[in-house]
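Naming: A, B, ... by sequence-line order, numbering from 1 per chain. Note that this is a predicted model, so its numbers are computed, not measured. Both backbone and side-chain heavy atoms feed into the values below; hydrogens, waters and symmetry mates do not.
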Amino acid sequence: MTKNSSNTMALAPHTSNRRETVCIFGTGDFGRALGHKMIQSGYPVVYGSRSTQISNLIPKDAEVLGHAEAAQKAAIIIIAIQRQHYNFLTPLAEVLHGKVLVDISNNLKLNQYPESNAEYLAQLLPGSRVVKAFNTVSAWALQSGTLDASRQVFVCGDDVEAKQMVMNIVRALGLTPLDKGSLLAAQEIENYPLQLFPMWRFPIFLSFGLAAFFFIYCVVLDIVYTYIYENNNFSFFIAITIPNRVCPVMALVLLALVYLPGIFAAIIQLYRGTKYRRFPDWLDKWMLCRKQLGLIALAFASLHVVFTLVTPMRAFARWRTNNRIISQVLNNETETLDHTNAWLSDSYLSLGILGFFLFVLLGITSLPSVSNNVNWREFRFVQSKLGYLALILCTAHTLVYGGDWFLNPSAYKWYLPNIYILSLIVPCAVLVVKFVLIFPCIDKPLTQIRQGWERNPKHSE
Amino acid sequence: MTKNSSNTMALAPHTSNRRETVCIFGTGDFGRALGHKMIQSGYPVVYGSRSTQISNLIPKDAEVLGHAEAAQKAAIIIIAIQRQHYNFLTPLAEVLHGKVLVDISNNLKLNQYPESNAEYLAQLLPGSRVVKAFNTVSAWALQSGTLDASRQVFVCGDDVEAKQMVMNIVRALGLTPLDKGSLLAAQEIENYPLQLFPMWRFPIFLSFGLAAFFFIYCVVLDIVYTYIYENNNFSFFIAITIPNRVCPVMALVLLALVYLPGIFAAIIQLYRGTKYRRFPDWLDKWMLCRKQLGLIALAFASLHVVFTLVTPMRAFARWRTNNRIISQVLNNETETLDHTNAWLSDSYLSLGILGFFLFVLLGITSLPSVSNNVNWREFRFVQSKLGYLALILCTAHTLVYGGDWFLNPSAYKWYLPNIYILSLIVPCAVLVVKFVLIFPCIDKPLTQIRQGWERNPKHSE
Amino acid sequence: MTKNSSNTMALAPHTSNRRETVCIFGTGDFGRALGHKMIQSGYPVVYGSRSTQISNLIPKDAEVLGHAEAAQKAAIIIIAIQRQHYNFLTPLAEVLHGKVLVDISNNLKLNQYPESNAEYLAQLLPGSRVVKAFNTVSAWALQSGTLDASRQVFVCGDDVEAKQMVMNIVRALGLTPLDKGSLLAAQEIENYPLQLFPMWRFPIFLSFGLAAFFFIYCVVLDIVYTYIYENNNFSFFIAITIPNRVCPVMALVLLALVYLPGIFAAIIQLYRGTKYRRFPDWLDKWMLCRKQLGLIALAFASLHVVFTLVTPMRAFARWRTNNRIISQVLNNETETLDHTNAWLSDSYLSLGILGFFLFVLLGITSLPSVSNNVNWREFRFVQSKLGYLALILCTAHTLVYGGDWFLNPSAYKWYLPNIYILSLIVPCAVLVVKFVLIFPCIDKPLTQIRQGWERNPKHSE
C-alpha cells in the first residue's frame, strides 16, 4: 500500500501532468483489480457503488460514491458490472450523456446473446460513447503483475476520440492497445477469451486418433506377434522402438494431409470449370487447419529425429551391437564393406536430414512474426515449393528405408502390411496426382480458372 | 451462397449497426473476390461497370449499376481497374469529388512508372481522397479464406479520415491494417508484392557458389584421389561424408563473412579519419545482408550438427568400428586410454557445442518479434559480443579438430590443402584484425570517429 | 553524395508531393545523422545553429541559419541539443509558439532527473507542442543503414496532431513508429535505451552461481576423489562429462524454481485468506522473472541433449565400449539381454525426450509473436498444465536414471550425496506441495480467494 500512496502523492494536484479521474461502476473483483492498477499508474479513481460502505476491499486511495455522483466526477466510466444488470443504468442516461463508457464484460459461452454486450450497452444508452476494452485481460494477471501472456488489449468503438482516450489509459497501464475498428467488432472481442485453441482442436484429435491406431497396430505386430510366435518378450519396445515407428509415420501422413486438400480443390475447380462456387464445407475447414496439421507433423518429425539419435545410448542397441561383434569374432569372420548397404544407409539418412531441414524451415516461416514479414509471393514460394520438396524428400527417405521389405514376405505378419507400407499410401497418392496436375495441359486451364476464367460462363448459380 | 445471403439478411435495414455501402469499380477477378468478402462481412456492395449484364459472375447480393450511379451510392469507391484505364475516370471527377477512392492496383515490374499508381490517380482526380490499400492481398487467398500468409494490409493516404474509413473496412474483413503514412509510401507498397526475397538473393547465390566449389573440391580429393591411388570406391561419401565436410566449412566461412565488412568499415574509417563519407557501394550492400549471411551460416551449422550426430547409425561407421574391434581382438591387443586423445576429442566436441549454442542464440534474437523487443544496446551486445564469441569458439573447434593435420604431409593430396585448412583463412584473418582493432591505441580514435570526431575537419567533400 | 542530391532533385519544388521542411536545432552527431537521412528521404532540412560556419560536416543540401530564422522556416523542429542547454531556448519562446518540438535526447543514467527531458522542455516552452521520439535510434545505425536491431521508434506527446506529423516523418525514414500515449510516457522511453536486459540480470547471476557451485562439486567428487583414491587422472571430464552432469541438474532445478513462487503465492494467499494484500517484495520480483528462469532452464536442457547425443563420438566412450567387448570376447562370455536394464534405459530416455519436447513447446510459446496470438486462457493452459507435465516428466527422467544409486553407498563419496540426489530436492518438493494444493478441499477455497472472496472481510489493511 505504501508504494501506491507514494505514487499518487508524487503527482501533486497542481501539476499539468495530472491524469484525469476515472470512474469505475461496480466493486467486484475486476473493478477492484483495475482500480488498483490505475491508482498505481497515477489515475485518481472514484468508484460508483450502491452501498458506499464496503470500503475495505476497495483500493485505499479511491473514493466511493453513489453512481450518479461518481459518474459526474469523470469523463470515462468503466462499467465493471454484469450484462444482466445493465438495465439499471438507464435511469442514469442523463448523467452518462456524452461520457465514455468502457464495456469490459465477458460472457460465459460463445455467442451467448444475439448482440454483443457492448452493442447492447450502446443501445441502452444511445447518448453515451461506448468503447469495448480490457475484457481479454485477467484480473489475477493485472494484480499480480504477471502479464506475460498477452499485453494486448483489444479496443473497439464507434467514436474515434473516445477510443483514443481509452487507448491512452491502456498504454498508461503498461499494456498495448490494439484498435479493432468499430463497435461491430465487439462480438469477436467478447468471444476471444473464451476460446481454447479452436483451430487446433480438429488437427489434435485427428493426430491422436491416428497415432493411437498406429501405436496399437505396432504393438500387435511387433510385441504380441513376436511373443506368440517367437516367444520373445520385447515389451520394452513400448518406450522407444514403437514410438519411433509411429512418429515418422505420423509426420509423413500428416504432411501429406497438408497438401491433399489443395489437390482436391484443384480437381474440383477443374471439374466445375470455375472458382466462383464454394468448396464443400469439409474441404473449407480442412484447408483452414493446414498450418496446424503441418506443425503437428513437424512435432512428430522432431520426436522421430531425437528418438533415432538416442539409439546408440539404448541398452538394447548396445547389447545387439556387442553380440554381433562377439559372434563374428567367435566365428572368426571378417566383414568387408557392403557398398550397396553403405549407399542405402547413407542415402536414407541424408534424405531424411534434408527433408527435416526443409520441414523446420517451413515451421519457422509459419511463426507469426516471420510470416508477417514476407509477402504473398514469398509465402507461396516457401509453403508450396519448399513444402512439396520436403514431402518428396521425406517420402523418398521412407521408400529407401523400407527398401525391399515391400517384396519380403516376412514383412507381412498375420497378412498385415508393415506400417511403413501403410504410411506411404497418402504421400505417394498426393505426389502422383500433383505430378499430373503440373502437366502444362492441365496446369494451364487451372491457372486460368484461378485467375477468374469460367468454362461455362452462362451457368446460373 | 446461402451463407452469404443469410449474413446480409441478418442486418435488417433499420439496425444502427448497418455497415455503409461500398462501391467497387470494375468486375474483374479481384473486384469480385473483394466484393464477395465484403458481402460476407456485412457490407452492401454496389458494382460500377460499363455493362450491367455480366451479372452471373458477380456476387448474388451485389447491385450492378453504371459507374456514375454506383459512385453516388457510396462514400468509398474501390478502384479495381488497371492503371492504363484510369483516365476514363476523369469525366467522373465531379461525382467522385470528396469521395474516398481506394487504389488496389499492382504493377507487373518494380518501379514500372515514374510515380505510383495511387499518386497518378490522385493527380487525375485532385478533388478525391485517394487511399492505397489491399494491393498486397491475393484474390485467391481472399476467396479461399486461407489468409495464413499475411493478414497485414498496408494502407497509406494523405487524408487521415479517409484512411481511417478504409482501415475500418480492412479490420471488418478480418485483416490487419498497417498505416504506412502519406501517399508518398504508395510506391513502396506497390513494389512490395513483386519482391521475392530481395535481401536473400545475393547471400544465397554466394553460398551456393561457395558450397558447390567446396563440394567438388572434396569429391576430387576424397573420392577421385582415393579411387585412383588407393583403388577404393568411396562414392557413397557423396551422401553424408562430404556434405558433412562442406557444411561446417560453409558455416565457418559465412560466419566470418558476417564480421568481415565491419572490419573493413573500421579500417576505412580509421584511414579516412571521418565517418561522414559514404562507404563504397559493395561494402554498403555487404553490410545490409549480414543478417541473411548469418542465418545461412546457421543453417549450414545445423546441418553439420545433425550429419555428425547420425554417424553411429551409418553402415560405414558401424563397419569401421566393428573391424577395428575385431582386428584388435584377433591381434590379442588391449587398448589403454590415450589421455591426450580423450582431451582433444572432448575439447573439440565441447567447443563445437558451445559455439553452436551461441550461434542458435544469435539466430533466435534475429527473429523479428524478438529483435523488436530489445533495444539498440542489447542488440549490439548480442550480435557483436556473443557473435564474436561464437566465431572464436567455432574457429577453435575447427583448429582443435584439424589438430596436427596442418603439419602432416598426407593432408596435402595433389599438393592441395585439406578444406579444413582453407576454411580457417577468413575466420583467422577476421579474428586477428579484430584483436588488433580492440587495442586501446586504435580503439580510442575509432570510437571518437564514430561519435562524430574528424581528423581533418577542413577537408571538403 | 550524388545519390542524395539526385533524390532531392527528383522532387521539383512544384510537385504536390513535396515534403515539408524540417528544422534541426544542433549540429552534433545525431543532428547531422538525422539530417542526412531526412534529406535522403526527400525532406528539405534547415539547421539552426549558433555559428553558421561549421558547414562542411553538415549534409551538403541542408541550409544553416541562426536558430530563430531556421525555426521560422519549419513547422517541426528537432531539438538535437543536450538537456542542460535547453534553457537557451526560452528566449525563442515566441518563435517556437505552436511549433512541434521533437525531443530526441537521452540521459546517461536511469531516472537521472526528476522529470523526463521532454516534460522539462514542455514546461520551459508551454506554448509549443512537444513530442518525444527518435531517442531509441542510434546515430551510427541511422547512418550506416544497418537498422536490423529495432526499426521501432517510440513516440509520445500530448498533442495528437503533432504526434501524427512526427509519426509520418518516422515512417518516411523507413522506421516504424509506436505510439506510447501522452508525454507522461517520456520517462519510460528515455530510460529504455539505457537498459541492458534488466529482467535477465538476476536469473543469469543466479544460474551462473548455481552452475559454478555444481561444477566445482562435480570436479571434487569425480576428478579429485578419483585421482586421490583410485589414482586415475580423469581431468578431461571437465570438457564434456561434467558439463553434461551440471546442465541437466541446472535445467531441472531452474524449471522447479519457475513453479516454486506460484506455490509460495498459493500458500500465502491461503494463510492470509485474501488476495488483496501485496506479496512480499522478493516473491513479486521472483514471479516477474519466471519466464527468464524458464528460458535459461531450456538452454541448459538443450545443452544436455546435445552433450548426451555426442557421447558415441567421444574417444573415451569408444575406448570404454571397445574394452568391454574385447574383455567379453577374451573371457569367452556371451551376453543375454537384461530385460530390466532394457526397460530402465529405454524409459529414462523416453521420459527425457518427451519432457524436453514439452519444454521446447513452452519455449516456443514464450516467443513474443506467439504469446501475442494466444489468449489468457490458452497461455495459462500451456504454461501451467504443459509446464507441470514437463516438470513431472523431467523429474521422472532423473529418478529413473538415478535408479538405485540413492541406496548405493558408493554414491556417497566423502559422505557427500551425488548431484543427482541434490537436483531432485526442489522439483520433488514443488511436485508434492502442488499435488496437495490440487486436492479439492484446498483448491476450492484457493479458487474462491483468487476470484475475490475474503476469509475475514472485516480486517483492515
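Between chain B and the options A:Leu367, A:Leu178, A:Leu349, A:Val360, heavy-atom pairs under 4.5 Å are most frequent for A:Leu349. Among B:Pro243, B:Pro177, B:Ala299, B:Gly28, the residue making the largest number of heavy-atom pairs under 4.5 Å with chain A is B:Ala299.
Of the atoms belonging to B:Ala172, not a single heavy atom falls under 4.5 Å from chain A. In this structure, the portion of A:Val382 lying under 4.5 Å from any heavy atom of chain B is its side chain and not its backbone. For B:Asn233, the parts lying under 4.5 angstrom from a heavy atom of chain A are both the backbone and the side chain. The contact between B:Leu194 and chain A is made entirely by backbone atoms, counting heavy-atom distances below 4.5 Å. Neither the backbone nor the side chain of A:Leu361 comes within less than 4.5 Å of any heavy atom of chain B. Both the backbone and the side chain of A:Ala342 come within contact range of chain B, judged by heavy atoms closer than 4.5 Å. Of the two parts of B:Phe30, neither the backbone nor the side chain holds a non-hydrogen atom closer than 4.5 Å to a non-hydrogen atom of chain A. Contact of B:Ser235 with chain A is made through backbone and side chain together, with heavy-atom distances under 4.5 Å.
Put simply, the residue from A:Asp346, A:Thr308, A:Leu309, A:Thr311 that forms a side-chain contact (heavy atoms from CB on, under 4.5 Å) with B:Val310 is A:Leu309. Across A:Ser371, A:Pro368, A:Ser369, a single residue satisfies side-chain contact (heavy atoms from CB on, under 4.5 Å) together with B:Pro368, and that is A:Ser369. The residue from B:Phe316, B:Phe236, B:Trp319, B:Phe237 that alone fulfils the ring-ring contact (aromatic ring centres under 6.0 Å, His included) condition with A:His339 is B:Phe236.
Atoms OG and CD1, from A:Ser350 and B:Ile238 in turn, are 10.5 Å apart once rounded to the nearest 0.5 Å. The distance from atom CZ of A:Arg380 to atom CG of B:Leu196, rounded to the nearest 0.5 Å, is 12.0 Å. Between B:Ser302 atom OG and A:Ile353 atom CD1 the span is 12.0 Å, to the nearest 0.5 Å. Between the CD atom in B:Gln164 and the NZ atom in A:Lys163 there is a gap of 6.5 Å [rounded to 0.5 Å]. Taken to the nearest 0.5 Å, the OG atom of A:Ser182 stands 10.5 Å off from the CD1 atom of B:Ile169. One finds the CH2 atom of B:Trp200 at 11.0 Å from the CD atom of A:Glu378 (value rounded to the nearest 0.5 Å).
By the side-chain contact (heavy atoms from CB on, under 4.5 Å) test, A:Tyr348 pairs with A:His397, A:Val400, A:Tyr401, sequence neighbours left out. Residues satisfying the salt bridge (charged side-chain N to carboxylate O under 4.0 Å, His left out) test with A:Glu161, not counting sequence neighbours, are A:Arg129. Residues satisfying the side-chain contact (heavy atoms from CB on, under 4.5 Å) criterion with A:Leu125, sequence neighbours excluded, are A:Leu89, A:Ala93, A:Leu96, A:Leu101, A:Leu121, A:Ser128.
B:Phe234 has its side chain within reach of A:Leu337: a pair of non-hydrogen atoms, C-beta onward, lies under 4.5 Å apart. Residues B:Val137 and A:Trp376 form no side-chain contact, since every pair of their non-hydrogen atoms from C-beta on lies 4.5 Å or further apart. The shortest distance between side-chain heavy atoms of A:Phe356 and B:Val306 does not fall below 4.5 Å. Taking 4.5 Å as the limit, some side-chain heavy atom of B:Met313 sits within range of a side-chain heavy atom of A:Pro312. Under the 4.5 Å side-chain criterion, counting only non-hydrogen atoms from C-beta, A:Asn375 is not in contact with B:Thr136.
Between B:Arg171 and A:Asp179, the closest heavy-atom pair is NE-O, 2.7 Å.
Residues of residues 321-328 of chain A lying under 4.5 angstrom from chain B, judged on non-hydrogen atoms, are A:Arg324, A:Ile325, A:Gln328 by number.
Other residues, nucleotides and ligands contribute over 12 non-hydrogen atoms within 6.0 Å of the CD atom of B:Gln195. For B:Tyr227, the OH atom sits in a loose shell: 12 or fewer heavy atoms of surrounding residues, nucleotides or ligands are nearer than 6.0 Å.
Under the 3.5 Å distance criterion, the side-chain polar atoms of B:Asn168 are left unmatched by any main-chain donor or acceptor of A:Gly181.
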